[in-house]
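No experiment lies behind these values; they were computed from the predicted model shown. Basis for what follows: all heavy atoms, side chains included, without hydrogens, waters or symmetry-related copies. Atoms within a ligand are numbered from 1 in the order they appear, just like the ligands themselves.
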Amino acid sequence: MRIDLHTHSSCSDGTDTPAALVAAAAAAGLDVVGLTDHDTTAGWAEAAQTLPEGLGLIRGSEFSTQLARAEGGTMSVHLLGYLFDPADPAIMAEQARLVAERRGRGLAIVAKMNADGVPITPERVLAIADGAPVGRPHIGRALVEAGLVGSVTEAFAGYLAGRGKYYVHKQDTDLDAAVSMISAAGGVSVLAHPWSRGARSVLTPERIAQLKERGLSGIEVRHPDQDEDTRAELLGVAADLDLIVTGSSDYHGHNKTLELGQERTSAESLARIIETSSGVVEPIGVQW
Ligand code: AMP
Ligand code: ZN
Ligand code: FE
Ligand code: FE
């Protein structure tokens with residue numbers, strides 16, 4: 001079975017509508033796709049309603065979380081939540097807070113750029129986001145349109161870089177709280193690309209073990225941002241802690257140069273995710 005459990009639609013910072021995404025997933029030969037937009041479940045209904053025959057859908061979200069660093073400050077960590085109750089009051093409140101936080105932070109980044117003479121407008125960035133939680137890739141597309149960079153990826157190497165001149169922090173959910181919140185809402189949590197972008201120093205095997213005590217179920221091992229050596233080490237961590245191992249493309253449409261299904265999850269891991277969930281939200285159309 002070809003299973004890709006981490007993708008983004010235009011309901012966050014991907015470029016395919018949920019309908020186009022499930023169509024592309026079927027065309028790519030996937031048997032199951034996970035829709036995991038950042039901090040929102042807004043794409044679930046359209047994906048379910050337009051799901052092609054023969055394609056299974058796992059409804060999820062990628063939660064923006066943070067972890068304190070020993071030397072002060074915080075490290076951003078992404079947490080995938082699957083099959084949780086989208087109407088859970090704590091999750092709804094936190095996603096609403098994060099959407100507002102993203103909007104304010106996106107506009108603050110644009111204001112910093114404008115103060116420096118970079119000619120993009122807040123109106124254009126909000127129009128590109130088109131109601132989705134604002135992310136740096138939306139600003140990247142405005143920079144591409146203005147002819148300042150050739151691609152969103154190039155924007156991330158300069159204007160949008162995490163340690164760059166225009167970076168603005170956003171206040172994400174505490175990671176431990178997010179794991180608890182997903183469990184309380186009947187869902188299953190999986191650390192997204194745990195050892196990408198410097199998070200390895202804070203997400204130590206000991207820290208991952210503590211998260212498991214709180215309810216963490218799995219870690220994403222096969223991800224484009226994790227090389228072979230990193231994957232081998234993460235597989236060892238998963239085996240030691242009996243965590244579910246996943247693999248995913250983190251597809252973002254045209255905002256990233258990734259193919260649907262380029263990294264995949266085993267049927268056994270998917271079965272464990274489904275068994276671990278409370279059943280409040282069911283997989284749709286998964287055929288074993
Ligand atoms: P934000 O959530 O606003 O902090 O923006 C981070 C998002 O941008 C993540 O979802 C990444 O997948 C995406 N991203 C990070 N690096 C790149 C890149 N080089 N090219 C395109 N998108 C990226
Ligand atoms: Zn993204
Ligand atoms: Fe992520
Ligand atoms: Fe992602």
Side-chain angles (χ1 to χ4, degrees), residues 4-16 18 21 33-43 58 60-66 74-82 95 97-110 112-113 122 125-126 128-129 132-144 149-164 166-173 178 189-199 219-226 246-260 262-263 265:
D4 183 347
L5 289 184
H6 178 173
T7 69
H8 297 270
S9 77
S10 56
C11 287
S12 63
D13 57 3
T15 54
D16 293 358
L21 182 107
V33 69
L35 175 64
T36 52
D37 279 310
H38 299 281
D39 308 318
T40 181
T41 58
I58 300 293
S61 180
E62 187 173 13
F63 290 70
S64 302
T65 81
Q66 62 184 35
T74 57
M75 174 65 76
S76 154
V77 174
H78 288 175
L79 181 69
L80 295 160
Y82 295 111
Q95 291 195 328
R97 188 191 68 78
L98 282 164
V99 166
E101 182 77 9
R102 280 181 165 281
R103 181 186 163 96
R105 176 261 206 161
L107 295 179
I109 293 175
V110 174
K112 265 188 155 177
M113 290 180 172
V125 170
L126 293 177
I128 291 169
V134 179
R136 281 180 284 163
H138 300 123
I139 303 172
R141 277 166 57 200
L143 292 164
V144 171
V149 288
S151 67
V152 173
T153 300
E154 192 185 324
F156 267 92
Y159 289 96
L160 298 174
R163 290 197 176 76
Y166 307 113
Y167 187 75
V168 176
H169 176 74
K170 63 182 162 55
Q171 193 68 41
D172 290 332
T173 312
S189 58
V190 173
L191 279 174
H193 45 78
W195 285 356
S196 68
R197 297 186 228 135
I219 57 177
E220 192 176 56
V221 171
R222 293 179 294 278
H223 181 280
D225 292 348
Q226 289 170 170
T246 70
S248 326
S249 65
D250 203 356
Y251 175 77
H252 278 71
H254 302 307
N255 279 346
K256 270 192 170 181
T257 52
L258 300 162
E259 307 284 341
L260 274 163
Q262 78 172 53
E263 308 285 352
T265 297

Does H254 have its ring centroid less than 6.0 Å away from the ring centroid of H252? no
Do S248 and E220 pair up side chain to side chain, a donor and an acceptor below 3.5 Å, judged on atom types alone? yes
Polar-atom distance check: H38 versus ligand 1, any N or O pair below 3.5 Å? yes
Can you list the atoms of ligand 1 that are under 4.0 Å from a heavy atom of V152? 21 (C)
Closest protein heavy atom (residue, atom, distance) for atom 12 (O) of ligand 1: K256 NZ, 3.0 Å
Atoms of ligand 1 less than 4.0 Å from G135 heavy atoms? 3 (O)
Taking distance alone, with N or O pairs closer than 3.5 Å, would you say R136 contacts ligand 1? yes
Has ligand 1 got any nitrogen or oxygen that is less than 3.5 angstrom from a nitrogen or oxygen of R102? yes
Which residue owns the protein heavy atom closest to atom 14 (N) of ligand 1, what's the atom, and how far is it? F156 CZ, 3.4 Å
Once you measure the plane-to-plane angle for Y159 and Y166, does it fall in the parallel (<30°), tilted (30-60°) or perpendicular (>60°) bin? parallel
If we only count N/O pairs under 3.5 Å, is H78 in contact with ligand 1? no
Does E62 come within less than 4.0 Å of ligand 1, judged by its heavy atoms? no
Using a cut-off of 2.8 Å, how many protein N, O or S atoms sit around the Fe ion (ligand 4)? 4
Everything protein-side that's N, O or S and under 2.8 Å from the Zn ion (ligand 2): list it, residue and atom. D13 OD1, D13 OD2, H38 NE2, H252 NE2
Is the closest N or O pair between D13 and ligand 1 shorter than 3.5 Å? yes
Minimum distance, heavy atoms only, to atom 3 (O) of ligand 1: which one of H254, K170, H169, R105 is it? R105
Listed once per pair and sorted, the side-chain hydrogen bond (donor to acceptor under 3.5 Å, both in side chains) pairs that draw on residues 98-109, sequence neighbours left out: D39-R102, S64-R102
Restricting to side-chain contact (heavy atoms from CB on, under 4.5 Å), what partner residues turn up for A142, sequence neighbours left out? I120, V125, I128
Heavy-atom distances under 4.0 Å decide this one: backbone, side chain, both or neither, for H252 against ligand 1? side chain
Heavy-atom check, side chain of L160 versus side chain of L143, under 4.5 Å: yes
Under 3.5 Å side-chain donor-acceptor pair for D37 and S9: yes
Does the side chain of L260 come within less than 4.5 Å of T7's, by heavy atoms? yes
Protein residue, atom and distance nearest to atom 21 (C) of ligand 1, heavy-atom basis: N255 O, 3.1 Å
